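One structure is given below, encoded as structure tokens.
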Amino acid sequence: MAHLTENPADKERFICVYPVYINSKKTLAEGRRIPAEKAVENPSCAEIRDVLTAAGMNVYMENKMHPREWNRDVQFRGRVRVQLKQADGSLCQDKFQSRKDVMFYVAEMIPKLKTRTQKSGGGDSSSQQSEGGKKSKKKKK
């Protein structure tokens with residue numbers, strides 16, 4: 001028996017989202033699952049959780065590692081489980097019909113998080129600001 005339960009509302013039937021899936025710093029071979037230009041630089045589990053919780057999704061975090069993640073650092077740890085369907089098989093939200101929909105949505109929203117926009121130092125809110133952020137840190141030293 002593949003699944004212990006057929007109930008989509010059951011926790012073990014929630015889909016898994018690892019930060020690796022939407023990390024622009026990763027290659028497809030390293031586990032990225034969406035196009036690099038849509039992905040986010042080093043997303044954290046907490047950011048994924050915050051975005052999906054704000055979207056009204058039923059979410060919880062697990063302290064698991066992605067098998068292809070060589071870095072055992074806390075920053076790269078964890079995965080987020082998301083409920084896509086109700087017990088009767090209907091979608092929780094129409095905009096999330098597949099795990100890809102969830103990944104694209106999260107990757108789009110993470111750069112808009114307050115924690116991200118503050119780090120980039122205002123100005124342009126596009127996700128291509130990471131290089132600028134790094135340079136300013138060097139100046140402070």
Side-chain angles (χ1 to χ4, degrees), residues 2-141:
H3 299 296
L4 295 170
T5 171
E6 290 298 314
N7 181 357
D10 223 354
K11 281 206 180 328
E12 62 237 27
R13 300 289 285 124
F14 284 22
I15 62 159
C16 298
V17 181
Y18 286 97
V20 170
Y21 293 171
I22 58 167
N23 190 342
S24 59
K25 289 270 179 261
K26 296 281 180 195
T27 63
L28 288 174
E30 290 168 324
R32 180 166 51 76
R33 292 195 178 179
I34 61 173
E37 62 272 12
K38 289 200 163 94
V40 190
E41 191 175 320
N42 296 331
S44 72
C45 246
E47 289 175 320
I48 297 172
R49 180 199 59 201
D50 292 348
V51 163
L52 289 171
T53 308
M57 295 299 279
N58 191 1
V59 181
Y60 71 102
M61 275 172 71
E62 296 175 314
N63 191 19
K64 299 277 190 184
M65 289 290 300
H66 187 273
R68 279 180 248 171
E69 180 56 75
W70 51 269
N71 194 332
R72 296 273 167 246
D73 204 15
V74 175
Q75 180 197 344
F76 297 106
R77 226 171 216 292
R79 74 176 173 200
V80 181
R81 300 295 290 269
V82 191
Q83 180 181 353
L84 271 192
K85 294 182 175 175
Q86 311 280 11
D88 61 1
S90 64
L91 293 165
C92 291
Q93 288 197 24
D94 288 338
K95 63 179 171 183
F96 299 129
Q97 302 198 351
S98 67
R99 60 191 71 223
K100 274 268 163 64
D101 291 342
V102 173
M103 287 182 229
F104 282 132
Y105 176 80
V106 172
E108 190 190 332
M109 296 310 286
I110 284 181
K112 298 175 185 167
L113 282 173
K114 285 197 171 68
T115 50
R116 288 265 167 160
T117 48
Q118 280 161 1
K119 276 180 203 161
S120 64
D124 196 290
S125 63
S126 76
S127 54
Q128 272 77 45
Q129 254 228 309
S130 52
E131 288 82 34
K134 282 174 192 157
K135 282 175 194 154
S136 64
K137 278 180 192 150
K138 283 177 190 162
K139 284 176 198 161
K140 284 173 194 164
K141 290 176 190 172

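All figures in this text were calculated on a predicted structure; none of them were measured in a lab.
Scanning all heavy atoms of the two residues, the minimum distance from N23 to R32 falls at O-CD, 3.2 Å. Nearest heavy atom pair, residue G78 against residue C45, reads C-SG, 3.1 Å. Taking every heavy atom of both residues into account, P111 and V40 meet most closely at CD-CG2, 4.3 Å. Between Q83 and M57, the closest heavy-atom pair is O-CE, 3.2 Å. When all heavy atoms are compared, the tightest approach of V20 to E30 is CG1-O, 3.3 Å.
The ring-ring contact (aromatic ring centres under 6.0 Å, His included) search around F96 returns Y105, not counting sequence neighbours.
Checked against F14 for a side chain to side chain contact (heavy atoms under 4.5 Å, CB included), the options V82, L84, V59, N58 give a single hit: N58.
For the pair R77/M65, a side-chain contact is recorded, criterion being any heavy-atom separation below 4.5 Å from C-beta on. Contact of the S98 side chain with the F104 side chain is not registered, since no non-hydrogen atoms from C-beta on lie closer than 4.5 Å. Side-chain contact between Y18 and R33 is absent, with no heavy atoms from C-beta onward closer than 4.5 Å.
A salt bridge links K26 with E69: at least one charged nitrogen is closer than 4.0 Å to a carboxylate oxygen. Under a 4.0 Å N-O distance rule, the pair R79/E62 qualifies as a salt bridge.
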Checklist entry - Can you check side-chain contact (heavy atoms from CB on, under 4.5 Å) on D101 and K95, steps first, answer last? => result CA-CA 7 Å; D101 291 342; K95 63 179 171 183; over 6 Å; no
Next on the checklist: Applying side-chain contact (heavy atoms from CB on, under 4.5 Å) to I110 and I22, what does each step give before you reach the verdict?
Outcome noted: CA-CA 10 Å; I110 284 181; I22 58 167; 3.9 Å; yes
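Atoms OG and CE, from S44 and M61 in turn, are 7.5 Å apart once rounded to the nearest 0.5 Å. Once rounded to the nearest 0.5 Å, the distance linking CD1 of I48 with CE of M103 reads 9.5 Å.
Between the side chain of R99 and the backbone N or O of V17 there is no donor-acceptor pair closer than 3.5 Å. Between the side chain of E47 and the backbone N or O of L113, no donor-acceptor pair lies under 3.5 Å. Between the side chain of S90 and the backbone N or O of Q86 there is no donor-acceptor pair closer than 3.5 Å.
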